[in-house]
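Input: a single structure, listed below in structure tokens.
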Amino acid sequence: MAQSSNHAVGVDNTFRRKFDREEYLQRAREREEKEKEGRLKPKSKGPPVQRKPLKHRDYEVDLESRLGKTQVVTPIAPLSQQAGYYCSVCECVVKDSANYLDHINGKKHQRALGMSMRVERASLEQVRQRFEVLKKAKTTGSFTEQDLDERILKQQQEEEERKRQRRERKKEKKKEKAVEEETEMDPDVAAMMGFGGFRSKK
């Protein structure tokens, strides 16, 4: 039998982790020195970026093109084909139209476009020019009775054209149906039974 000893060699049975205080004190001092150096150093990121002032959009925001449509969403689909509104500038998907509007008007999106959130101050002359442009647009786009009559006439013509096309489609379907019925009925059997077909003669 092996002799049992009170002192096991090479095995730590205390089950307590022992820390070297000197080593950890040294680490803490080094970390504090690095933090002091980091605070004292000025953060030189280079020259400040000059961004353009905020401008109005020159395009229409499309919120209604996918309204009421169903779409199969898969987890492996690219971002642009997932459910919601996709922003190609920031490469993100926003789930609803309100949040999409908030996103495209927000700081992150405008910075990605290279604009700051500051608006350029307009001069008196620019304001007057803008008023003149808006007045001209209002007078040229005025609505008259003649425009209304033309629109009504055009709409009636389109409706008549749709009705005519519908009638032609019905006639074509009837002809196709008649041809199918004639091919289904064997002429010899029909003559033997004493009738030419089931259609009424009009």
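Quick note: residue numbers are just sequence positions, from 1. Just the heavy atoms: all of them, side chains too, but no hydrogens, waters or symmetry mates, feed the values below.
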Which atom of S116 lies closest to which atom of P53, heavy atoms considered:
OG-CA, 4.0 Å
So, applying side-chain contact (heavy atoms from CB on, under 4.5 Å) with R111, which one of K108, M115, H109, K107 is it?
K107
I need the minimum non-hydrogen distance between K95 and A83, along with the two atoms involved.
NZ-O, 3.7 Å
What distance do D149 atom CG and K154 atom NZ have between them, rounded to the nearest 0.5 Å?
14.5 Å
Least distance between heavy atoms, Q81 atom then Q71 atom:
O-NE2, 2.7 Å
Given side chains that start at C-beta, do those of I152 and L148 come closer than 4.5 Å, heavy atoms only?
yes
Any ion pair linking E161 and R164 (charged N to carboxylate O, less than 4.0 Å)?
yes
Gap between atom CG of N105 and atom CE of M117 - 0.5 Å precision
7.5 Å
Output the distance between atom CD (Q110) and atom NE2 (H103), rounded to the nearest 0.5 Å.
9.0 Å
With sequence neighbours left out, which residue pairs that include part of residues 63-84 fulfil the ring-ring contact (aromatic ring centres under 6.0 Å, His included) condition?
none
A quick test of your reading: do over 12 heavy atoms of other residues, nucleotides or ligands sit less than 6.0 Å from CD of E150?
yes
Qualifying residue, where the test is side-chain hydrogen bond (donor to acceptor under 3.5 Å, both in side chains) with R162 and the options are Q165, E159, E160
E159
Report the residues that fulfil ring pair (Phe, Tyr, Trp, His ring centres under 6.0 Å) with Y24, sequence neighbours left out, ordered by chain and then residue number.
F19
Rounded to the nearest 0.5 Å, what's the gap from CZ on R169 to NZ on K173? Could you check?
7.5 Å
In this structure, CG of L54 is separated from CZ of R118 (nearest 0.5 Å) by 11.5 Å
Grouping ILVMFWY residues whenever side-chain heavy atoms fall under 4.5 Å, the cluster of V93 otherwise contains L79, Y86
Taking only Lys NZ, Arg NE, NH1 and NH2, and the carboxylate oxygens of Asp or Glu, determine whether R27 and E23 approach each other closer than 4.0 Å.
yes
Under 4.5 Å side-chain heavy-atom separation, chaining through any Ile, Leu, Val, Met, Phe, Trp or Tyr, what else clusters with L25? Say none if it is isolated.
none
Between CG of L113 and CZ of R57, what distance do you get to the nearest 0.5 Å?
10.0 Å
Students should find that the hydrophobic cluster of L63, defined by side-chain heavy atoms under 4.5 Å apart, otherwise consists of Y59, V61, Y85, V94, Y100, L101, I104
Going by the rule side-chain hydrogen bond (donor to acceptor under 3.5 Å, both in side chains), which residues pair with D58 if we only count those two or more places apart in sequence or in a different chain?
none
